[in-house]
Amino acid sequence: MKQRSVVSWTAMIMAYTRAEHYDQAIDLFLDMEEEGVKIDEFVITSVLHACACKGSSKDGQCIHEYALKNGMISNTSVANALMDMYAKCGNMEEARSVFHSTLNKNIISWNTLIGGYSKNGFPNDALHLFGNIPQRIRPNAITMACLLPAVASLSCLERGREIHAYVIRAGFVRNHQVENALVDMYVKCGALILARVLFDRIYEKNLVTWTVMIAGYGMHGYGADAIALFKQMRRKGIKPDKVSFVAILYACSHSGLIHEGWYFFNMMRNEYQIEPNLEHYACMVDLLSRAGRLKKAYEFINSMPIEPDSTVWGALLCGCRVYRDVNLAEKVAEKIFKLEPDNTGYYVLLANIYTEAEKWEEVKRLRERIGSRRLKKNPGCSWIETRGKVQVFVSGDNSHPQKEEIKKFVEDVMKRMKEEEQYVPNARYALMINADDRVKEEALCGHSEKLAIAFGILNSAYGRPIHVTKNLRICGDCHEFAKFVSKVTGREIVLRDSNRFHKFEEGRCSCRGYW
DNA sequence: TTAGGGTTAG
């Protein structure tokens, strides 16, 4: 072009961004500045979008400064693009600060911050913000698509149903993204049947619709249903992508379907020419490890064409725990500690492996190592929704108004378990070394998931299922506890941990040992 | 007069 206007530059920056060449998009902005082209708000938002997609706020901060200096920040679109950039880079503090200093907030401003909170692990803030949208600003379908993942991550079914009702009243039901987000919300709130009803009613199912449902079956341990749906999807001519393959591989590993897992892994590569990414590899390692084929899993990792990360090695470490392979666990853990020296979860996992093997010296050394890095264990936390209110329990928490009642319930159950099932308190799950068994048992009684289950039984009508959510994986002792409680109270207990759903019914768990 | 922008589901 002989003459390039600011519009030509903007179009080019957008094109580079769409093609995922973020650095080139940003370079183009620098070039145009150098050439003395007059910069306007449109270019700023475009280049901010490139920074957002790139995911590092360093470039974005420079643009932020530029916008401030040139008085562009009062433009709502520029402010929105800034918020989105910070949110996508995981910097919610900056996003919030921009939001609060924006005078003319429109619905996009609210959506951007709500979505940012949802995606960055602040679901309560997302819900709170939604409640504060002023009357004159009308939420739209996108608002719901931003908000529903927050409900899903909290696993608050009542709240989710309220929002579903709102979606119906406001007339957003025919929106694809909203429909899919609703199905996903029901799946993650443990209401698999409701999710399926909604799924069946969706007239035009797209790839995301199918993937949500397949992942849902996987999470709940229905591997065969996940496979049936995957096949049905292919018959309808919908081409699976890398995310749907993660869903199906995940479903196979959580149901112990080894052969099927390999079948889909090969299908992905041969039939669809999709190169496996870290998530796919982690699923395969998980599949092998759960089946006890630890050596094969180790070899598999070493043969990967891409560098394995901590999640891949972590899947093997979990397997080492199940099959009590201390030697391999040590080797694997060292690799993980190099990759992620500050993630306490893996130290705890290795400590548990040592404890279960009664290697007390090693436990002590590991504790010292954790201490010297000034790392703190991420506290276990469970929550339960009753009558629309969420009750949160933190491990060992003693502040609950019903604490005596809850404590008595847990102790009574443990006592009955000892008498009726020859249950031995799994003191190995209480991560303390210089304590006697009594103290350990007491610590076990205080686990957050036991408290939440007890609270649920005590505060809901007979026959009602109990839904509990936990931030970490459920502990083995609590798993036994939940089975027993489901038997003696005749209640169904649905527990979502950080990994999957466990449905306890009449003394059995739906996971059948596949955690 | 027209061209270029910011929010959305797995």
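Numbers restart at 1 for each chain; the letters A, B, ... are given by sequence-line order, proteins then strands.
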- Message: Using a heavy-atom cut-off of 4.0 Å across all strands, would you classify A/Lys242 as base, sugar-phosphate, or nothing?
- Response: nothing
- Message: What I want to find out is whether A/Arg159 reaches A/Glu162 closely enough, with some N-O distance under 4.0 Å, to be called a salt bridge.
- Response: yes
- Message: Please verify the inter-ring angle class for A/Tyr166 with A/Phe172; under 30° counts as parallel, over 60° as perpendicular, anything in between as tilted.
- Response: tilted
- Task: Determine the contact category for A/Leu207: base if any of its heavy atoms lies under 4.0 Å from a base atom, sugar-phosphate if only primed atoms, P, OP1 or OP2 are that close, otherwise nothing.
- Result: base
- Message: Heavy atoms only, 4.0 Å cut-off, all strands: where does A/Val6 land among base, sugar-phosphate and nothing?
- Response: base
- Expressed in angstrom and rounded to an integer, what is the separation of A/Lys188 atom NZ from B/dA9 atom C1'? 10 Å
- Item | Distance in angstrom units between A/Leu198 CG and B/dA9 P, rounded | 18 Å
- When we call it a touch if two heavy atoms are under 4.0 Å apart, what does A/Val212 touch: a base, just sugar-phosphate, or nothing? sugar-phosphate
- Message: At 4.0 Å (heavy atoms only), tell me whether A/Asn175 reaches a base, stays on the sugar-phosphate, or touches nothing.
- Response: nothing
- Query: Can you tell which of A/Phe230, A/Phe264, A/Tyr263, A/Phe265 makes a ring-ring contact (aromatic ring centres under 6.0 Å, His included) with A/Phe245?
  - Reply: A/Phe230
- Query: Which is true for A/Asn140 with a 4.0 Å heavy-atom rule: it touches a base, it touches only sugar-phosphate, or it touches nothing?
  - Reply: nothing
- Check every strand shown and say whether A/Glu179 touches a base, only sugar-phosphate, or nothing at a heavy-atom separation below 4.0 Å. nothing
- Task: Pick base, sugar-phosphate or nothing for A/Thr143, based on heavy-atom distances below 4.0 Å to the nucleic acid.
- Result: nothing
- Message: Can you see whether A/Tyr272 has A/Lys239 sitting over its ring - NZ or CZ less than 6.0 Å from the centre and within 45° of the normal?
- Response: no
- Task: Answer with base, sugar-phosphate or nothing: what part of the nucleic acid does A/Ser244 contact at a heavy-atom distance below 4.0 Å?
- Result: base
- Describe the nucleic acid contact of A/Lys105 in one word from base, sugar-phosphate, nothing, applying a heavy-atom distance below 4.0 Å. nothing
